[in-house]
Amino acid sequence: MSGHLSPIQLDSYRPLRELVCETIRQAIVDGVFSPGERLMEIQLADEMGVSRTPVREAIRKLELEGFVVMIPRRGTYVADISIKDINEVYEIRTSLEVLAAGLAAERISDEELETMQRLLVEIGQHIEDGNIEKIVEIDTAFHDVLYKASRNKRLAGIINNLREQITVIRRRSMMYPGRLQNTMEEHRILVDSIAAHDVDRAQNAARLHMENAEHTLLKDMLESAERKKK
């Protein structure tokens, strides 16, 4: 195992297992660990300065998310996240996001609408600063308000489960040249449509946003694969 992880910085607000899981997940997406590479619990624990227990818990979660594969009597290996995997997740998520946007256009409160508009301004400020961590954080909050405004808890729960599987990968899409500015404009159209209580326009805006995000992510993955061949 050739990867090198930094020691975990403890956060009193988040469980250690979540921090460990996030660190390993990010390392996989960033290519620190290659597809097919074996992950050793002891070495991971040593590099992050934690015990093996949170590492073991993190690996189990990452297996459920599809980032690693656990083979009996052989160990844990980094999974190869395929284009097919991305397509399947986005097919489902796009349908649900479109439904959420339509319901929000019908049911959103004035307070929720103001919150979405405020978060949109914050995203724009962080785009100017180039702070990708804050952009992802505020973008997540933005979509959470959208789901809440749908007034359908089951819908929100299903979407959040899918989003968890692609949250880290989504950073690649956001960091693609020009994508952040396009995301900002897509969000603005979505908010304007919801504010006008235009269900069809809100659904179309959500669909376009998801399709563009997937297209950008797949384009980045293909370009990355081509670079590795060279």
Q: Examine Ile132 and Ile123 and state if one hydrophobic cluster contains both, with Ile, Leu, Val, Met, Phe, Trp and Tyr joined whenever side-chain heavy atoms are less than 4.5 Å apart.
A: yes
Q: Less than 3.5 Å apart, any donor N or O on the side chain of Glu211 or Tyr90 sitting next to an acceptor on the other?
A: no
Q: According to a 4.5 Å side-chain heavy-atom criterion applied to Ile, Leu, Val, Met, Phe, Trp and Tyr, with indirect links allowed, do Met70 and Val78 form part of one hydrophobic cluster?
A: yes
Q: I want to check something: taking the side chain as every heavy atom from C-beta on, are Leu39 and Phe33 in contact at a cut-off of under 4.5 Å?
A: yes
Q: Counting only heavy atoms not in Met175, do more than 12 sit closer than 6.0 Å to its CE atom?
A: no
Q: Determine the minimum heavy-atom distance between Ser150 and Ala100, stating which atoms define it.
A: CB-O, 3.9 Å
Q: Show the nearest heavy-atom pair for residues Asn152 and Leu155, with the distance to one decimal.
A: OD1-N, 2.9 Å
Q: Hydrophobic cluster membership, with links at side-chain heavy-atom distances under 4.5 Å among I/L/V/M/F/W/Y: are Ile189 and Ile108 in one?
A: no
Q: Among Val55, Val50, Thr53, find the residue that satisfies the side-chain contact (heavy atoms from CB on, under 4.5 Å) test when tested with Leu16.
A: Val50
Q: Are Lys61 and Glu57 close enough for a salt bridge, meaning some N to O gap below 4.0 Å?
A: no
Q: Any chance you could measure Thr115, atom OG1, to Lys148, atom NZ, to the nearest 0.5 Å?
A: 8.0 Å
Q: Drop me the distance from Thr183's OG1 to Asn212's CG, to the nearest 0.5 angstrom.
A: 8.0 Å
Q: Evaluate the criterion side chain to side chain contact (heavy atoms under 4.5 Å, CB included) for residue pair Met116 and Glu114; output intermediate values, then yes/no.
A: CA-CA 5 Å; Met116 290 186 74; Glu114 289 176 5; over 6 Å; no
Q: The test is side chain to side chain contact (heavy atoms under 4.5 Å, CB included); show your working for Arg52 and Leu44 and say whether it passes.
A: CA-CA 8 Å; Arg52 293 179 63 181; Leu44 290 171; over 6 Å; no
Q: How close do Pro54 and Val20 get, heavy atom to heavy atom, and via which atoms?
A: O-CG1, 3.9 Å
Q: Are more than 12 heavy atoms, taken from residues, nucleotides or ligands other than His197, located less than 6.0 Å from that residue's NE2 atom?
A: yes
Q: Would Glu112 and Arg151 satisfy salt bridge (Lys or Arg N to Asp or Glu O under 4.0 Å), going step by step from the backbone distance to the final call?
A: CA-CA 12 Å; Glu112 288 166 337; Arg151 299 292 182 270; 2.9 Å; yes
Q: May I ask whether Val68 and Tyr77 are part of the same hydrophobic cluster, defined by side-chain heavy atoms of I, L, V, M, F, W, Y residues being less than 4.5 angstrom apart, directly or through others?
A: no
Q: Is the shortest side-chain heavy-atom distance between Val89 and Asp85 below 4.5 Å?
A: no
Q: Please evaluate residues Val191 and Leu113 with respect to the criterion side chain to side chain contact (heavy atoms under 4.5 Å, CB included), reporting the C-alpha separation (whole Å), side-chain torsions for both, the decisive distance (0.1 Å), and the verdict.
A: CA-CA 8 Å; Val191 171; Leu113 184 57; 4.2 Å; yes
Q: Under 3.5 Å, side chain of Asn160 to main-chain N/O of Ala156, donor-acceptor pair present?
A: yes
Q: How about Ile42: does its CD1 atom have over 12 heavy atoms from other parts shown lying under 6.0 Å from it?
A: no
Q: Is a side-chain N or O of Glu47 found less than 3.5 angstrom from the main chain of Leu5, in a donor-acceptor match?
A: yes
Q: Pick one: which of His126, Gln125, Arg118 meets side chain to side chain donor-acceptor pair (under 3.5 Å) with Glu122?
A: Arg118
Q: Is it the case that Glu185 and Gln181 place a side-chain donor and acceptor less than 3.5 Å from each other?
A: no
Q: Let me see the working for Arg179 and Glu186 under salt bridge (Lys or Arg N to Asp or Glu O under 4.0 Å), right down to the final yes or no.
A: CA-CA 10 Å; Arg179 180 58 196 152; Glu186 290 162 15; 2.8 Å; yes
Q: Check whether more than 12 heavy atoms from other residues, nucleotides or ligands sit under 6.0 Å from atom CG of Asp129, and answer yes or no.
A: yes
Q: Same cluster for Val98 and Leu146 if Ile/Leu/Val/Met/Phe/Trp/Tyr side chains link at under 4.5 Å?
A: no
Q: To the nearest 0.5 angstrom, please state how far the CD1 atom of Ile135 sits from the OG1 atom of Thr140.
A: 11.5 Å
Q: Does this structure show an ion pair linking Glu88 with Arg93, if we count only N-O contacts that are shorter than 4.0 Å?
A: no
Q: Quick check: do Ser173 and Asp220 have side-chain heavy atoms less than 4.5 Å from each other?
A: no
Q: Check for a donor-acceptor pair, side chain of Arg201 on one end and backbone N or O of Ile194 on the other, with a separation under 3.5 Å.
A: no
Q: Heavy atoms only: give me the nearest Leu62-Ile24 pair and the separation to one decimal.
A: CD1-CG2, 3.5 Å
Q: Does the side chain of Thr94 come under 3.5 Å of the side chain of Glu97 through a donor N or O and an acceptor N or O?
A: no
Q: What's the spacing between Met174 CE and Asn182 CG if we round to 0.5 Å?
A: 12.0 Å
Q: Side chains of His187 and Asp139: closer than 4.5 Å at any heavy-atom pair?
A: yes
Q: Show the numbers, then the answer: is there a side chain to side chain contact (heavy atoms under 4.5 Å, CB included) between Arg25 and Cys21?
A: CA-CA 6 Å; Arg25 188 193 295 115; Cys21 185; 3.4 Å; yes
Q: Say you draw a straight line from CD1 of Ile159 to CG of Leu96; how long is it, rounded to the nearest 0.5 Å?
A: 5.0 Å
Q: Salt bridge check: are Glu137 and Lys134 linked by an N-O gap of less than 4.0 Å?
A: yes
Q: Report the distance from atom CD1 of Ile59 to atom CG of Leu64, rounding to the nearest 0.5 Å.
A: 12.5 Å
Q: Taking C-beta and beyond as the side chain, do Leu208 and Leu190 meet within less than 4.5 Å on heavy atoms?
A: no
Q: Side-chain contact test, heavy atoms from C-beta onward, threshold under 4.5 Å: evaluate it for Thr76 versus Val69 and give yes or no.
A: no
